[in-house]
Structures are given as C-alpha cells and as structure tokens.
Enquirer: 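What follows is a single structure, and I will ask about it in a moment.
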Amino acid sequence: MSAQTRSGNKRLVGLIGQPVKHSISPAIHNAAFNHMNVDYFYIAFDVREKELGHAIRGLKALGAAGFNVTIPYKQRVVRFLDKLADDAKIIKTVNTVVIEKDRMVGYNTDVSGVMNALMPYKDAISGHEALILGAGGGASAAALALARLGCNRITFVSRTPSRARRLANFLKRRIKISAKGMGLSINELPAIAKACSVIINATPVGMWPNIEHSLLRKEQIPSGSIVMDMVYNPPETMLLKEAKLAGATCVSGLDMLVFQAAESFKLWTSLEPPIEVMKSVAIKTIGRFV
Ligand code: NAP
C-alpha cells in the first residue's frame, strides 16, 4: 500500500523525536523533493516514549517510505527494526529508516555526514589524535567517521564519566580503535585538547538560545587544529568563534546536517540529492530561529 493524500500519490517520510518543533529537516527535505520534482513529503512527529513502537508501526502501516530518528530515540528505535545496515550495525545507533516492502532497515547517515564534512581535512586527521566532547549517539557517529579517516586515538570527555568510558570501551571492541573516556570536569581537559589535531563537540552546549556557552576557550584550542561543532544552530557557535581566534580551521554542524540529510534523501528516493538547494534552505531556515 502506498501513502495517499488528497493531492495524489505522495509518499510520506517523517521525523520521529521529542522535541521536534525546531527541526529544520522538514524544510530541507521538502525543498529537495520539490526541486527534484519527486512526489514525497516530509513531516516531523513529536512522539512520546511510550508511543514509540506504535508510531513506527503506524508509519509502516501507512505506507511511508521511511523516516529520520532524532533525540532521544536513535538507540531506542533499534529494537523495532528488522535489520541494521553498515554503520548503524557497528554503533547500534540509527538516524534513518527505510521501509521496504515487508521490513524496516536502519541506517546511520550521521557517520557519512561527519565524514563528508571532514573529508577536506583527511590528511590532518589521519595518524593523529582526536578529542570528542560528549558520549551519546553523535559522539559514536563522529568516532566511526574519524576512524574511517585514519584517526589514531580518540578521547571522549563527557559530563557523565561512566558514559564516556563505556563508549570508549565499546568502540575499542567494535572498531579496534585506541580510545579512552573521562569526565568533563577534569583538570586535564586543556592538556588533552592541546595534544589533539581534531576536536568535535557532540554535546548540545552552545545551541540556540544558549549561544554564549562553549566547553573550550581559545587558549585551550591548538592553532592549526580542526574544530567541528555538531551544533548547527547557530551555524557559527561560540566554540567555533573561539577556535577561529585560536587559529584553528572551523567546520560547522550545518555541513554535517546537510550531508546526513542528503544521504537520507538518497536512501529514500535512490536519486542524487540536490545538496546546494538543501544547504541554502538550511541556512535560510536557521536564520528564522537565530
Ligand atoms: P545525546 O545522545 O543525547 O548525547 C549528548 C551528549 O552531550 C551526552 O554525552 C551528554 O552528557 C552531553 N551533554 C548534554 N548536555 C550537556 C551539557 N549541558 N554540558 C555538557 N555535556 C552535555 O545527543 P546526540 O544525538 O549525541 O547529539 C549531540 C548534539 O549533536 C546535539 O546538539 C545534536 O543536535 C547534535 N547533532 C547534530 C547533528 C548534525 O547533523 N549537525 C547530528 C547529530 C547530532 P550526559 O551523558 O552527561 O547527559
């Protein structure tokens, strides 16, 4: 059964998370669908935890082509799926689901989102150390991307030290990378940051409306390092401002957002995504919130 609307044979794709009210994914995907003239439409669904299974099974029953998954369900969604593909299987974290005829397959396009955003800096990453701030789903996607780019060793620093240690141990087993986890309030953070050629913020710190916050100051950021903030609203966060002052190369979470969305678009439609259109809509839509 395919999804029907009063306007014809449109196929539904969606976003499941809580909250989703400020998501710009509907704007990005609907602009891409319109630009490519394909009959899909994208809706964000604010889903309560106890309704997660019903929501997923409901989308399948309605003939949706698939859906994105965001905080806080990227790991919890796994048990409702029939299969995990590639990167999602390694880190057990899903941000995109494709609903095939009789099964639901989970993917993780955050990994390729980070990889594509950092690809221009591959030579600076390969053989070097990285610091990841945070230990959630975004941090694990970033770690897998860094490992693929040849990064040597990763330190996870998290507000909850046990979570950082657990993620480091998990990745050591899954992808055979040298990794360690520690607490955010430790005194060693500046020294660790100084030894790293890549720093990625995978926490919400600095996100609108708390835009004046940054976990690192310019004195703690090595000049010549690559600093990426997964936070995309604002596109230039306080961390990136500090990094710029320190003489680092800055990578906005907006690049990752667009690349991961492009990969999801491709999975649902089998078409090449209109990346420039998606990026320009993302910038315009964020401008309305900042
Ligand atoms: P998550 O699984 O909930 O993990 C969040 C991490 O941030 C946890 O380690 C958490 O620590 C830490 N954290 C939360 N609030 C903090 C605070 N006030 N101070 C210090 N640490 C804090 O979330 P996620 O999926 O990894 O996402 C993390 C961020 O990346 C979000 O802002 C998300 O929007 C962004 N993101 C962006 C993209 C993109 O395409 N640009 C894609 C994915 C995610 P505790 O364990 O102590 O709670």
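Throughout, residue positions are numbered sequentially from 1 according to the sequence presented. Just follow the structure's listing: the first ligand is 1, and inside any ligand the first atom is 1.
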Enquirer: Within the supplied structure, the quantity of interest is the number of heavy atoms (other residues, nucleotides, ligands) at a distance under 6.0 Å from K172 NZ; does it exceed 12?
Expert: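 Yes, enclosed.
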Enquirer: To which protein heavy atom is atom 48 (O) of ligand 1 closest, and what is the distance rounded to 0.1 Å?
Expert: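 In this structure, atom 48 (O) of ligand 1 has R159 NH2, 2.8 Å as its nearest protein heavy atom.
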Enquirer: In the protein, what heavy atom is nearest to atom 38 (C) of ligand 1, and what distance, to one decimal place, separates them?
Expert: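 Ranked first by proximity to atom 38 (C) of ligand 1 is M256 CE, 3.7 Å.
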Enquirer: If you measure from atom 25 (O) of ligand 1 to every heavy atom of G183, G138, P235, A135, which option wins on shortest distance?
Expert: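 The option holding the nearest heavy atom is G138.
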Enquirer: Show me which atoms of ligand 1 lie under 4.0 Å from any heavy atom of T160.
Expert: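 Listed by number with element, the hits are 45 (P), 46 (O), 47 (O).
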Enquirer: Apply the side chain to side chain donor-acceptor pair (under 3.5 Å) test between Q260 and each candidate in N95, D255, N68; give the one that qualifies.
Expert: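 The side chain to side chain donor-acceptor pair (under 3.5 Å) with Q260 is passed solely by N95 among N95, D255, N68.
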Enquirer: Considering only heavy atoms of G137, which atoms of ligand 1 have at least one such atom less than 4.0 Å away?
Expert: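 Reading through ligand 1 atom by atom, the close ones are 2 (O), 26 (O).
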Enquirer: Measure the NZ-SG distance between K241 and C250 for me, rounded to the nearest 0.5 Å.
Expert: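 The SG atom of C250 is 11.0 Å from NZ of K241, to the nearest 0.5 Å.
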Enquirer: Just to be sure I'm reading this right: ignoring hydrogens, which of A202, A139, P161, P72 gets closest to atom 6 (C) of ligand 1? Compare them by their nearest heavy atoms.
Expert: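 Answer by nearest heavy atom: A202.
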Enquirer: Could you check which of D255, T109, T203 puts a non-hydrogen atom nearest to atom 21 (N) of ligand 1?
Expert: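 Looking at heavy atoms only, T203 sits closest to atom 21 (N) of ligand 1.
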Enquirer: Show the nearest heavy-atom pair for residues Q220 and A193, with the distance to one decimal.
Expert: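 Residues Q220 and A193, closest heavy atoms: O-CB, 3.2 Å.
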Enquirer: Can you sort out the partners of R165 under salt bridge (charged side-chain N to carboxylate O under 4.0 Å, His left out), two or more places apart, ordered by chain and number?
Expert: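 Per chain and number, R165 pairs via salt bridge (charged side-chain N to carboxylate O under 4.0 Å, His left out) with no residue.
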Enquirer: How close does the nearest protein non-hydrogen atom get to atom 43 (C) of ligand 1, and which residue and atom is it?
Expert: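 Checking every protein heavy atom, the shortest distance to atom 43 (C) of ligand 1 gives K74 NZ, 3.4 Å.
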Enquirer: Distance-only, no hydrogens or angles: does the D82 side chain make a donor-acceptor pair with backbone N or O of M104 under 3.5 Å?
Expert: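 Yes; at least one donor-acceptor contact below 3.5 Å.
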Enquirer: Quick one: look up the protein heavy atom nearest atom 32 (O) of ligand 1 and list residue, atom name and how far away it is.
Expert: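 Protein heavy atom at minimum distance: P204 CA, 3.3 Å.
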Enquirer: For atom 20 (C) of ligand 1, grab the closest protein heavy atom and report residue, atom and distance to one decimal in Å.
Expert: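 For this ligand atom, the closest protein heavy atom is L184 CD2, 3.6 Å.
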Enquirer: Just by distance, do the side chain of T285 and the backbone of V281 share a donor-acceptor pair under 3.5 Å?
Expert: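 At least one qualifying donor-acceptor pair exists.
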Enquirer: Give me the residue, atom name and distance of the protein heavy atom closest to atom 11 (O) of ligand 1.
Expert: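 In this structure, atom 11 (O) of ligand 1 has S158 OG, 3.7 Å as its nearest protein heavy atom.
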Enquirer: Give me the one residue out of N152, I154, L146, L144 that meets side chain to side chain contact (heavy atoms under 4.5 Å, CB included) with I177.
Expert: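 Going through the options one by one, the only one that passes is I154.
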Enquirer: Using a 4.0 Å heavy-atom cut-off, say whether V205 meets ligand 1 through its side chain, its backbone, both or neither.
Expert: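 Just the side chain.
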Enquirer: I need the minimum non-hydrogen distance between G137 and T93, along with the two atoms involved.
Expert: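 In this case the closest contact between G137 and T93 is CA-CG2, 4.0 Å.
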Enquirer: Atoms of ligand 1 less than 4.0 Å from Y232 heavy atoms?
Expert: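 The atoms of ligand 1 under 4.0 Å from a heavy atom of Y232 are 41 (N).
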Enquirer: Just to be sure I read this right, does ligand 1 sit under 4.0 Å from the backbone of L254, its side chain, both, or neither, counting only heavy atoms?
Expert: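 Near ligand 1, L254 shows nothing, with every heavy atom at 4.0 Å or more.
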Enquirer: Which bit of M230 gets closer than 4.0 Å to ligand 1, counting heavy atoms only: side chain, backbone, both or neither?
Expert: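 Near ligand 1, M230 shows its backbone as well as its side chain.
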Enquirer: Identify, for atom 40 (O) of ligand 1, the protein heavy atom at the shortest distance, and state residue, atom and that distance.
Expert: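 Atom 40 (O) of ligand 1 sits closest to the protein heavy atom L257 CA, 3.2 Å.
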Enquirer: Checking I56 against F67 for the side chain to side chain contact (heavy atoms under 4.5 Å, CB included) test, could you report, in this order, the C-alpha distance in whole Å, the side-chain angles of both residues, the deciding distance, and whether it holds?
Expert: CA-CA 9 Å; I56 291 170; F67 53 94; 3.9 Å; yes
Enquirer: What protein heavy atom sits nearest atom 4 (O) of ligand 1, and how far away is it?
Expert: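 Nearest protein contact, heavy atoms only, for atom 4 (O) of ligand 1 is G136 CA, 3.4 Å.
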Enquirer: Short list, please: which atoms of ligand 1 are under 4.0 Å from a heavy atom of G134?
Expert: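 Atoms satisfying the 4.0 Å criterion: 9 (O).
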Enquirer: Running the 4.5 Å side-chain criterion over Ile, Leu, Val, Met, Phe, Trp and Tyr, what cluster does V231 land in, apart from itself?
Expert: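 V231 shares its hydrophobic cluster with M207.
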Enquirer: Look at the rings of F33 and W268 and say which category their plane angle falls in: under 30° parallel, 30 to 60° tilted, over 60° perpendicular.
Expert: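 Because their plane-to-plane angle lies in the 30° to 60° range, the rings of F33 and W268 count as tilted.
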Enquirer: Tell me the nearest of V114, N233, I71 to atom 27 (O) of ligand 1, using heavy-atom distances.
Expert: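 Answer by nearest heavy atom: I71.
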